[in-house]
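Notes follow once the structure below has been shown.
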Amino acid sequence: MATIIIARICNSCGCTPEEAKEYLDGEIRNLLDYRDADDLRAEDFAQACDSLGLEHDFIPYFIERLSMC
């Protein structure tokens, strides 16, 4: 799934796969920071998708990633 997301980020941002992975990792870190501060809201997942140029269909990916950390 991460490979698909990275490819979509590359298409929306016009960046390299390495840059897309950094952007994705950054959004995951932001969501983890919200979670750790007990301030994570549903709209934060939508904002992460919007920031990366992704459809909201990828929200479950972010939820799953956070549950693994």
Side-chain angles (χ1 to χ4, degrees):
M1 177 67 88
T3 305
I4 293 168
I5 291 173
I6 289 171
R8 297 245 178 142
I9 295 169
C10 288
N11 288 337
S12 69
C13 298
C15 61
T16 67
E18 293 78 19
E19 291 170 320
K21 183 172 181 347
E22 288 177 26
Y23 297 149
L24 178 59
D25 291 344
E27 287 299 330
I28 296 293
R29 283 191 301 275
N30 287 338
L31 292 170
L32 286 170
D33 288 345
Y34 287 135
R35 184 194 69 185
D36 294 346
D38 200 28
D39 192 30
L40 183 63
R41 294 172 274 162
E43 55 266 16
D44 295 328
F45 293 104
Q47 180 60 45
C49 288
D50 292 343
S51 294
L52 296 170
L54 299 172
E55 299 86 11
H56 291 187
D57 296 346
F58 290 100
I59 289 174
Y61 169 81
F62 289 100
I63 294 170
E64 182 180 332
R65 283 288 306 267
L66 264 61
S67 71
M68 296 177 1
C69 297

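In this text, all values refer to a predicted model and were calculated from it rather than measured experimentally. Numbering of residues begins at 1 and proceeds along the displayed sequence. FYI, side chains are in, hydrogens and waters are out, and symmetry mates aren't considered; it's all heavy atoms of this structure.
- For E18, there are no salt bridge (Lys or Arg N to Asp or Glu O under 4.0 Å) partners two or more places apart in sequence or in a different chain.
- M1 contributes atom CE, which lies 6.0 Å from atom CZ of F58 (distance to the nearest 0.5 angstrom).
- For the atom pair I5 CD1 and C10 SG, the distance stands at 12.0 Å (nearest 0.5 Å).
- Judged as a side chain to side chain contact (heavy atoms under 4.5 Å, CB included), and not counting sequence neighbours, the contacts of I59 are F45, A46, C49, H56, I63.
- Of the inter-residue distances, the one linking I28 atom CD1 with L66 atom CG reads 6.0 Å to the nearest 0.5 angstrom.
- The minimum heavy-atom distance between L52 and C13, with the atom names listed, is O-SG, 4.2 Å.
- Every pair tested for side-chain hydrogen bond (donor to acceptor under 3.5 Å, both in side chains) that includes a residue from residues 27-40 fails, sequence neighbours excluded, so the list is empty.
- Listed by chain and number, the residues in a side-chain hydrogen bond (donor to acceptor under 3.5 Å, both in side chains) with D25 are K21 (sequence neighbours excluded).
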For the pair L54 and F62, evaluate side-chain contact (heavy atoms from CB on, under 4.5 Å) and give the outcome as yes or no after the intermediate values. CA-CA 12 Å; L54 299 172; F62 289 100; 4.3 Å; yes
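- Taking all atoms of both residues into account, the shortest heavy-atom contact from I6 to P17 is CG2-O, 3.8 Å.
- Listed by chain and number, the residues in a salt bridge (Lys or Arg N to Asp or Glu O under 4.0 Å) with D50 amount to none (sequence neighbours excluded).
- Not counting sequence neighbours, the partners of Y61 by the side-chain hydrogen bond (donor to acceptor under 3.5 Å, both in side chains) test are R65.
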